[in-house]
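These values consider heavy atoms only, across backbone and side chains, with no hydrogens, waters or symmetry-generated copies.
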Amino acid sequence: MRIDIITCLPRLLESPFGDSILKRAQEKNLVTVKVHDLREYSTNKHRTTDDYAFGGGAGMVMMIEPIDRCISALKAERNYDEIIYMSPDGELLSQSIANQLSLKQNLILLCGHYKGVDERVRQHLVTREISIGDYVLSGGELAAAVLADSVIRLLPGVLNDETSALSDSFQDGLIAPPVYTRPAEYKGWNVPEVLLSGHQAKIEEWKQEQSLKRTQERRPDLL
Ligand code: ADE
């Protein structure tokens, strides 16, 4: 898989992809993540990528031209399955969207800033808009990192057995059961007896029950 991220603040994306699982996934060539600085596609001498809104109003608007030039340059190299604009008024990110996107070959994630992008970008250049939640961030970069992380960890070979995505919360529509590690007793707080019993069938049954109970308590809307 290849993910191209278009942003006017490329440094914001250095650390999420430069560490841990996302870093290793790239080292193992399971994914290529390229961050593109929108300023490099600006045609004016100050390399600006935003301008005042027609009709007035507070806040700058990201111009269509640098975005179009960047997307066109990428599209000249390969076909993209989706060109996604990260936006608080997009479709809400879910495990099922992450699963769906993890089957694609090439994705572009466009990060907005200020008051957003010129509406014509949304009308003519992007294929989909995704939000990571009903709150407004200062830019789409952190949202793009969240989306990319949720997708990349599902690619075959990225996670080992220990961290397998199949046992995640939401993957089967339920919240994951609680987990414990040593010591079995700490300050009088004990690990549930069944987990120490060595009886695998009983342990699985307990985990399933706990998943269901947690989902009922915390996210009844998932049931
Ligand atoms: N950009 C600003 N806020 C956002 C959000 N909640 N989701 C995606 N992109 C955003």
Side-chain angles (χ1 to χ4, degrees), residues 1-41 49-50 60 62 66-67 70-71 73-75 77-78 80-117 121-122 125-160 162-166 168-171 176:
M1 167 179 267
R2 179 181 164 114
I3 303 180
D4 290 276
I5 307 182
I6 304 175
T7 169
C8 47
L9 293 170
R11 278 191 313 170
L12 266 183
L13 288 159
E14 274 168 22
S15 108
F17 296 102
D19 226 316
S20 187
I21 288 173
L22 300 190
K23 181 182 181 197
R24 255 178 289 131
Q26 294 172 84
E27 285 168 353
K28 288 200 249 171
N29 286 323
L30 300 170
V31 66
T32 302
V33 179
K34 294 270 184 240
V35 177
H36 306 274
D37 185 351
L38 204 50
R39 286 172 188 278
E40 286 171 17
Y41 296 86
T49 56
D50 60 333
M60 303 293 274
M62 287 171 68
I67 297 173
C70 182
I71 291 177
L74 290 172
K75 281 168 83 175
E77 297 291 323
R78 65 195 68 76
Y80 284 90
D81 299 289
E82 297 276 16
I83 301 176
I84 302 169
Y85 173 49
M86 303 310 304
S87 164
D89 52 15
E91 192 184 352
L92 205 54
L93 179 61
S94 61
Q95 190 60 52
S96 115
I97 293 179
N99 291 350
Q100 200 184 91
L101 293 176
S102 73
L103 303 173
K104 308 289 186 190
Q105 273 309 305
N106 299 310
L107 300 173
I108 291 178
L109 309 183
L110 170 65
C111 306
H113 251 270
Y114 320 110
K115 278 283 156 200
V117 295
V121 169
R122 304 172 76 160
L125 303 182
V126 308
T127 61
R128 194 164 182 173
E129 303 190 6
I130 294 181
S131 163
I132 64 160
D134 288 341
Y135 40 82
V136 180
L137 302 167
S138 8
E141 287 75 13
L142 300 181
V146 167
L147 173 60
D149 184 307
S150 73
V151 170
I152 293 170
R153 61 193 298 286
L154 298 172
L155 301 177
V158 169
L159 298 185
N160 50 33
E162 199 185 327
T163 48
S164 160
L166 289 175
D168 287 342
S169 282
F170 303 114
Q171 203 52 276

side-chain contact (heavy atoms from CB on, under 4.5 Å) between I108 and I6, worked out: CA-CA 7 Å; I108 291 178; I6 304 175; 3.7 Å; yes

Residues, nucleotides or ligands: over 12 heavy atoms within 6.0 Å of R78 CZ: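 Yes, enclosed.
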
Validation: residues 15-34 side-chain donor-acceptor distances under 3.5 Å, sequence neighbours left out:
residue	atom	partner	partner atom	Å
Q26	NE2	F17	O	2.9
Q26	NE2	L22	O	3.0
K28	NZ	G157	O	2.8

Contact check, side chains of V121 and L110, non-hydrogen atoms, under 4.5 Å: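 The answer is yes, as the side chains (C-beta and beyond) meet within the 4.5 Å cut-off.
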
Excluding sequence neighbours, so at least two apart, what forms side-chain hydrogen bond (donor to acceptor under 3.5 Å, both in side chains) with [X]?
X	value
T7	E141
D4	R2, H36, Y80
N99	Q95, Q171

Any donor-acceptor N/O pair, [X] side chain to [Y] backbone, under 3.5 Å:
X	Y	answer
D81	N106	yes
S102	L155	no
S131	D89	no

How far apart are the closest heavy atoms of [X] and [Y], and which atoms are they?
X	Y	value
G139	H113	CA-NE2, 3.6 Å
Y41	A73	CE2-CB, 4.2 Å
A165	L159	N-CD1, 3.6 Å
V151	A98	CG2-O, 4.0 Å

Rounded to the nearest 0.5 Å, how far apart are [atom1] of [X] and [atom2] of [Y]?
X	Y	atom1	atom2	answer
M62	K115	CE	NZ	14.5 Å
L109	M86	CG	CE	6.5 Å
D134	L92	CG	CG	5.5 Å
L12	I5	CG	CD1	11.0 Å
I71	L125	CD1	CG	5.0 Å

V146: side-chain contact (heavy atoms from CB on, under 4.5 Å) partners, not counting sequence neighbours: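 Testing V146 for side-chain contact (heavy atoms from CB on, under 4.5 Å), a comparison that skips the adjacent residues, returns L93, I132.
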
Set of residues satisfying side-chain contact (heavy atoms from CB on, under 4.5 Å) with respect to R128, sequence neighbours excluded: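 If we apply the side-chain contact (heavy atoms from CB on, under 4.5 Å) test to R128, skipping adjacent residues, the hits are E82, I84, E91, I97, Q100, L101, I130.
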
Qualifying residue, where the test is side chain to side chain contact (heavy atoms under 4.5 Å, CB included) with L38 and the options are P10, C111, C8: C8

